*Asks:* 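Dropping the structure in here first, questions after.
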Amino acid sequence: MIKIGLTGFGDHDELYGKIKPAERLPAYSAHFPIVEIDSSFYAVQPVRNYVKWASQTPDNFQFIVKAYQGMTGHLRGKKNYYDSTAEMYEAFHHSIAPLREAGKLAMALFQFPPWFDCTKENVDFLREVKERMLDVPSAVEFRNESWYSPEMRDRTLGFLEREGWIHTVADEPQAGSGSIPIVPVATNPDITYIRLHGRNVQSWNQSSHPDWRKLRYLYRYSTEELTEWRDRLLELEKSCRELYVVFNNNSAGDATPNAKELQALLGIDGGLAPLQLDLFN
């Protein structure tokens with residue numbers, strides 16, 4: 001089964017028109033069956049947020065929750081709001097509990113930074129992270145090409161398979177060591193995660209630009225590129241039960257039309273039955 005969605009549910013104005021922010025998630029879930037939560041990267045979210053989001057979505061809707069940046073080594077000297085690693089993981093587990101209880105947590109996503117390269121120290125770190133995540137399905141996304149170098153590619157994939165990691169297949173600009181190639185391989189028979197970031201190679205590494213984050217994901221996939229992804233997904237589906245695909249190229253509102261077009265190319269109806277909310281409660 002292939003499920004297609006977007007990163008975040010609040011910023012896609014093309015879906016909502018004049019719908020108020022508080023009502024956007026129920027509207028979103030009529031179009032897509034999954035969503036990636038990225039606010040959790042910047043801060044572990046209050047439990048009440050997940051309680052609310054679970055209640056606003058149909059029974060078979062699912063969330064991918066991005067791991068807090070303190071868990072992936074992104075802080076680099078910035079303040080961590082937790083006194084210990086154990087406390088940080090305990091807070092994250094407590095935070096996502098409502099989604100697990102509702103059966104709506106697809107996975108947690110650990111997106112590691114470009115400086116997280118393929119070393120023994122970092123391999124050991126991945127083992128520790130997986131242990132701390134207990135039985136929560138967890139996906140890993142690398143941003144350093146050393147994990148997929150000719151001499152390490154098969155060893156990396158074998159390690160992820162042995163450790164029970166969900167492999168994240170990324171489509172992104174090929175812009176040096178801080179980017180990775182498309183590696184459409186499943187390391188978990190149940191789930192593979194695919195994140196489509198666009199291919200704006202000129203802006204991928206311009207972190208000094210004030211609008212870097214916006215420019216980085218400014219890209220619209222062509223029908224030809226999406227057709228290539230359709231074929232790639234159909235092939236990957238032969239080795240994995242469920243594929244979760246999200247579009248992250250939303251700087252100019254391109255994620256929604258690209259996701260809709262891929263749904264059409266695959267012949268799938270991405271929407272779910274709208275949740276009947278009691279607006280007067």
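As the structure is a prediction and not an experimental result, all values here were calculated from the model.
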*Asks:* Taking Glu172 for the side chain and Ile180 for the main chain, is one N or O donor matched with an acceptor at less than 3.5 Å?
*Replies:*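 Pair found, side chain donor or acceptor close to backbone of Ile180.
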
*Asks:* So Val245 and Leu196, do their side chains get closer than 4.5 Å, heavy atoms only?
*Replies:* yes

*Asks:* Flag yes if more than 12 heavy atoms outside Glu90 fall under 6.0 Å of its CD atom; otherwise flag no.
*Replies:*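 Result for CD/Glu90: open.
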
*Asks:* Under 4.5 Å side-chain heavy-atom separation, chaining through any Ile, Leu, Val, Met, Phe, Trp or Tyr, what else clusters with Val47? Say none if it is isolated.
*Replies:*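 Val47 clusters with Val51.
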
*Asks:* Locate the shortest heavy-atom distance separating Gln263 from His31; write the atom from each residue and the value.
*Replies:* NE2-O, 3.6 Å

*Asks:* Measure across Ser40 and Val65 and return the closest heavy-atom pair with its distance rounded to 0.1 Å.
*Replies:*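 Answer, listing the atom of Ser40 first, then Val65: OG-CG1, 3.4 Å.
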
*Asks:* Would you kindly check if the NZ (Lys) or CZ (Arg) of Lys3 is within the cone defined by 45 degrees around the ring axis of Phe32 and under 6.0 Å from the six-membered ring centre?
*Replies:* no

*Asks:* Less than 4.5 Å apart, side chain to side chain, heavy atoms only: is that true for Arg230 and Leu262?
*Replies:* yes

*Asks:* Of the options Phe116, Tyr42, Phe41, which is the one that meets His74 in a ring pair (Phe, Tyr, Trp, His ring centres under 6.0 Å)?
*Replies:*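 Looking at Phe116, Tyr42, Phe41, the match for His74 under the ring pair (Phe, Tyr, Trp, His ring centres under 6.0 Å) is Phe41.
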
*Asks:* Taking atom CD of Glu128 as the centre, report whether more than 12 heavy atoms of other residues, nucleotides or ligands fall under 6.0 Å from it.
*Replies:* yes

*Asks:* Nearest 0.5 Å, please: how far is CD1 in Ile182 from CG in Asp171?
*Replies:* 4.0 Å

*Asks:* Which heavy atom of Ile19 sits nearest to which heavy atom of Ala27, and what is that distance?
*Replies:* CD1-CB, 3.8 Å

*Asks:* Within the 3.5 Å criterion, strictly below it, is a donor on Tyr244 or Gln62 matched to an acceptor on the partner's side chain?
*Replies:* yes

*Asks:* When you look at CD of Glu224, are more than 12 heavy atoms from neighbouring residues, nucleotides or ligands closer to it than 6.0 Å?
*Replies:*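 Incorrect, the count does not exceed 12.
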
*Asks:* In chain order, what residues pass the side-chain contact (heavy atoms from CB on, under 4.5 Å) check against Pro21, with sequence neighbours excluded?
*Replies:* none

*Asks:* Asp11 vs Asn250, test: side chain to side chain donor-acceptor pair (under 3.5 Å). Steps then yes/no.
*Replies:* CA-CA 8 Å; Asp11 299 329; Asn250 197 51; 5.4 Å; no

*Asks:* Let me confirm one number: the OG1-CE distance from Thr168 to Met107, rounded to the nearest 0.5 Å.
*Replies:*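 Taking OG1 in Thr168 and CE in Met107, the distance rounds to 7.0 Å.
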
*Asks:* With a sphere of 6.0 Å drawn around CG of Asp254, does it hold more than 12 non-hydrogen atoms of other residues, nucleotides or ligands?
*Replies:*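 Count over threshold, so yes.
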
*Asks:* Rounded at 0.5 Å granularity, tell me how far CD in Gln69 sits from CZ in Phe110.
*Replies:* 13.0 Å

*Asks:* Identify the heavy atoms of Gly8 and His12 that sit nearest to each other, and give their distance.
*Replies:*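 For Gly8 and His12, the tightest heavy-atom pair comes out as O-NE2, 2.9 Å.
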
*Asks:* Are Tyr82 and Met71 grouped together when hydrophobic residues (ILVMFWY) are joined by side-chain heavy atoms under 4.5 angstrom apart?
*Replies:*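 Shared cluster, yes.
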
*Asks:* What distance do Lys260 atom NZ and Phe247 atom CZ have between them, rounded to the nearest 0.5 Å?
*Replies:*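 Separation between the atoms: 12.0 Å.
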
*Asks:* Return yes when atom CZ of Arg155 has more than 12 non-hydrogen atoms of other residues, nucleotides or ligands closer than 6.0 Å, and no otherwise.
*Replies:* no

*Asks:* Does the pair Asp38 and Thr7 meet the rule for a side chain to side chain donor-acceptor pair (under 3.5 Å), with working shown?
*Replies:* CA-CA 7 Å; Asp38 58 359; Thr7 56; 5.3 Å; no

*Asks:* Locate the shortest heavy-atom distance separating Ala170 from His197; write the atom from each residue and the value.
*Replies:*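 Here Ala170 and His197 meet closest at CB-CD2, 4.3 Å.
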
*Asks:* Could you tell me which non-hydrogen atom of Ala54 sits nearest to which non-hydrogen atom of Leu99, and how far apart they are?
*Replies:*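 Shortest heavy-atom contact: CB-CD2, 4.2 Å.
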
*Asks:* Among Trp147, Trp165, Phe159, find the residue that satisfies the ring pair (Phe, Tyr, Trp, His ring centres under 6.0 Å) test when tested with Phe142.
*Replies:*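 So the option named by the test is Trp147.
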
*Asks:* With sequence neighbours excluded, what pairs up with Tyr68 under the side chain to side chain donor-acceptor pair (under 3.5 Å) test?
*Replies:* none

*Asks:* May I ask you to say whether Arg24 pairs ionically with Asp13, meaning some side-chain N is under 4.0 Å from a carboxylate O?
*Replies:*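 Yes, this pair counts.
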
*Asks:* What's the spacing between Leu6 CG and Tyr28 OH if we round to 0.5 Å?
*Replies:*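 Rounded to the nearest 0.5 Å, the CG-OH separation comes to 4.0 Å.
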
*Asks:* Roughly how far, to the nearest 0.5 Å, is the CG atom of Leu25 from the CH2 atom of Trp53?
*Replies:*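 If we round to the nearest 0.5 Å, Trp53:CH2 and Leu25:CG are 8.5 Å apart.
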
*Asks:* Shared ILVMFWY cluster between Met152 and Phe125, side chains joined below 4.5 angstrom?
*Replies:* no

*Asks:* Does one hydrophobic cluster hold both Phe61 and Ile268, with members joined at side-chain heavy-atom distances below 4.5 Å?
*Replies:*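 Yes.
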
